[in-house]
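So you know, we letter chains A, B, ... as the sequences are listed, proteins then strands, and number each from 1.
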Amino acid sequence: MSGRCQLRTRLFSRFARNLAAASVPAPCSCPPSPSFFPEAETTSCSTESIDALCRHGFFHEAFDQCLRLRSLKAARRLHSHLRSPPFNPPTTLFNRLIYAYCKCGSLVDARKMFDEMPHRDTCSFNTLMAGYSNAGDLAEACRLFDEIPIRDHFSWSSIIACYTHHNFPTQSLELYRRMLREMAAENSKYSNRFTASSALAASTAVLSLRHGREIHCHIVRAGLESDAVVWSALSDMYAKCGSIKNARQVFDLSSDQDVVSWTAMIGRYFDAGRRMEGLELFRHMFSTCVRPNDFTFAGVLDACSELAVEGLGREVHGHMIRVGSDPSSFAASAVLHMYSKCGNIEKANIFFERMLKPDLVAWTSLISGFAQNGQPRKALLYYDLLLESGIRPDHITFVGVLSACVHAGLVDKGIEIFNSIKEKFELRHTTDHYSCVVDLLSRAGRFQKAEEIINGMPMKPDKFLWASLLAGCRIHRNLKLAKRAAESLFDIEPENAATYVTLANIYASAGKWDEVEKIRRKMDERGVVKKPGSSWIEVKRKVHVFLVGDDSHPLAKQIYAFLEKLQIKMKEEGYVPDTNFVLHDVEEEQKENNLSYHSEKLAVAFGIFATPPGTFIRVFKNLRICGDCHTAFKFISNITGREIIVRDSNRFHKFKNGDCSCGDYW
DNA sequence: TTAGGGTTAG
């Protein structure tokens with residue numbers, strides 16, 4: 001039998017089933033296929049196509065169309081066909097209608113339908129219950145669950161997942177145990193792949209390895225190991241409960257690895273901070289028959305952005321082109337973000353211009369990228385273009401726009417945009433918006449206005465706001481306000497060494513060494529340890545990491561010798577080490593030595609040493625760049641003729657011909 | 001006919 005004949009026979013049998021279900025005479029002996037109705041393929045005349053399908057008894061096709069279009073109008077039309085006598089539709093069709101109403105967003109219609117039904121089965125309850133759960137009405141979902149006369153696995157898995165989705169995972173686990181008890185009493189199979197994976201999600205949410213292991217045993221006993229979702233949920237549980245090793249073991253043992261399990265396992269490494277292993281697994285994926293998709297690419301690109309490894313990011317971008325990834329998907333925005341976070345804002349800009357339909361994420365990435373890469377005016381230009389495009393900015397876009405104003409030192413413009421968030425765009429100010437505006441004002445030395453804004457905030461200022469204020473106080477040496485900001489930070493996060501160090505540096509700049517000593521003692525008493533600064537650079541696809549005074553690199557001797565030579569030349573050009581940035585009250589020469597071997601200086605020196613003349617140097621640091629390194633890199637860029645880009649925890653600094661893109665405003 | 005795992009911007 002040819003494929004066409006097979007299709008026709010299948011359609012006919014379905015047609016006959018529908019007719020039998022609807023108890024109506026057949027309109028003709030040879031039914032047309034749904035594709036005979038061209039209007040059924042269009043979205044503009046959904047009700048006409050529903051009419052056409054229902055007239056010929058294609059009810060299930062009509063439901064499919066409703067769901068595809070998510071059209072409430074179409075669902076209501078279908079309802080009117082089911083109501084018209086002499087139709088006597090079976091419960092199945094009514095259940096599908098409840099489902100369609102839920103998917104089209106009308107729980108009122110779904111409930112009405114449910115209440116009108118002459119006979120309700122378990123599926124009717126399950127469908128409406130899932131509808132309430134998805135709409136966020138946990139109470140009504142629970143009420144329905146209690147009313148179900150005979151519960152099946154659908155009922156249990158829905159209610160277990162429902163409680164977890166609404167942040168009540170402990171109750172989910174209690175329900176799972178209740179299910180086991182009730183099913184054991186009825187001698188029925190006690191768990192299936194849906195209830196098991198939902199219960200696993202609950203034990204993951206409460207971070208209970210004990211519960212997770214118990215469910216793992218149920219899975220083995222019930223022989224559910226062949227299901228990809230169960231394996232993935234199991235692996236997720238182990239990873240989130242702290243055992244990435246067990247998560248990987250489960251993944252490796254899985255007999256049914258699909259693209260989702262691969263993507264999730266790679267993501268687990270990233271979440272655990274083990275990005276290199278995540279990238280390794282991604283590469284390994286290419287030796288299997290499972291092909292990565294946009295979710296995989298977006299996750300890996302995000303890790304490349306965090307690690308600032310453009311070489312790997314480009315490799316991922318290349319894979320995306322080869323597999324024909326949709327240039328309008330969210331993964332395309334992740335490509336743009338990767339280029340921007342790797343300091344290649346020019347490439348990000350070109351990529352953006354080639355996007356057919358950039359979404360808000362792409363616009364926001366580009367705007368924030370320009371802001372962080374020392375081109376705030378371009379950020380503001382693209383903000384204007386965004387408004388012209390008709391896409392509405394959201395609160396994250398405004399963080400980028402406001403930070404552009406901060407980097408450009410545009411105080412009045414920043415305040416104007418800050419006010420427009422509420423007045424023009426009718427959005428609520430977030431703490432991030434307040435942090436930006438306080439950053440803007442305090443960097444400009446307008447502390448009175450900054451304090452006014454802080455005192456008028458409807459919410460408690462967060463650590464980012466106080467840290468911005470403290471940074472402004474460091475620039476303008478405002479000791480009084482610095483103390484207030486630091487005290488607030490000590491309350492919020494007493495373990496963060498950066499606050500102590502910044503405050504100590506402010507006192508050190510003012511020569512108040514007794515205060516510096518007090519802070520040092522406070523750090524000792526509280527057991528606060530400075531987060532070690534580390535910098536890294538990618539050379540020939542290999543990442544080289546440096547710590548302060550690090551001599552573990554195989555080329556350490558050459559790097560130090562090269563740095564010493566550079567130092568001499570820099571001094572000849574007028575460089576004076578700025579020892580204000582050293583916390584401890586030590587001799588000047590010792591301070592100078594401490595400065596000379598900061599991780600970022602070692603990474604930059606290695607980059608210049610290991611790459612041919614003219615190559616861009618891109619260094620990344622986990623903390624903020626120190627002030628002395630900032631000055632030193634200006635000299636180094638001039639002496640060596642190299643462009644040096646440093647991405648610190650806050651922003652990018654592009655050093656070229658003795659200047660920095662931040663204009664020393666950081 | 002109804003239920004479970006992966007996603008991008010500060």
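Within the 4.0 angstrom heavy-atom criterion, no nucleotide atom of any strand lies near A:D294. Nucleic acid contact class of A:T127 (heavy atoms, under 4.0 Å, all strands): sugar-phosphate only. When heavy atoms are screened at a 4.0 angstrom cut-off, A:F154 is found touching base atoms of the nucleic acid. A:D302 comes within 4.0 angstrom of the backbone, heavy atoms only, and of no base. Using a 4.0 Å heavy-atom cutoff across all strands shown, A:A332 reaches no nucleic acid atom at all. When heavy atoms are screened at a 4.0 angstrom cut-off, A:T397 is found touching no nucleic acid atom at all. In this structure, A:S333 reaches the bases: a heavy-atom distance under 4.0 Å links it to at least one base atom across the strands shown. Within 4.0 Å of A:V230, counting heavy atoms only, lies at least one base atom of the nucleic acid.
The base of B:dA9 has none of its N or O atoms less than 3.5 Å from a complementary donor or acceptor on the side chain of A:D359. Side-chain N/O atoms of A:S261 and base N/O atoms of B:dG5 include a donor-acceptor pair closer than 3.5 Å. On a pure distance criterion of 3.5 Å, no polar donor-acceptor pair joins the side chain of A:D236 and the base of B:dG6. Side-chain N/O atoms of A:S198 and base N/O atoms of B:dG4 include no donor-acceptor pair closer than 3.5 Å. Side-chain atoms of A:S157 and base atoms of B:dA3 include a donor and an acceptor less than 3.5 Å apart. Looking at A:N293, its side chain comes within 3.5 Å of the base of B:dG6 through a donor and an acceptor atom.
Counted within 6.0 Å of CZ on A:F425, heavy atoms from surrounding residues, nucleotides or ligands total more than 12; the atom is thus considered enclosed.
Between the P atom of B:dT7 and the CD atom of A:E306 lies a distance of 15 Å, rounded to the nearest Å. Rounded to an integer number of Å, the gap from A:F114 CZ to B:dT1 P is 20 Å. Atom CZ in A:R268 sits roughly 10 Å away from atom P in B:dT7 (whole-Å rounding). The OH-P distance, from A:Y132 to B:dA3, rounds to 17 Å in whole Å.
Evaluation of the salt bridge (charged side-chain N to carboxylate O under 4.0 Å, His left out) rule for A:D326 yields no partner, not counting sequence neighbours. Not counting sequence neighbours, A:K347 has no partner by the salt bridge (charged side-chain N to carboxylate O under 4.0 Å, His left out) test.
A sub-4.0 Å separation between OP1 or OP2 of B:dT8 and a side-chain N or O of A:H337 is absent.
Residue A:D302 forms a side chain to side chain contact (heavy atoms under 4.5 Å, CB included) with just one option from A:M338, A:H337, A:R275, and that option is A:H337.
Side-chain atoms of A:T296 and A:T263 include a donor-acceptor pair closer than 3.5 Å.
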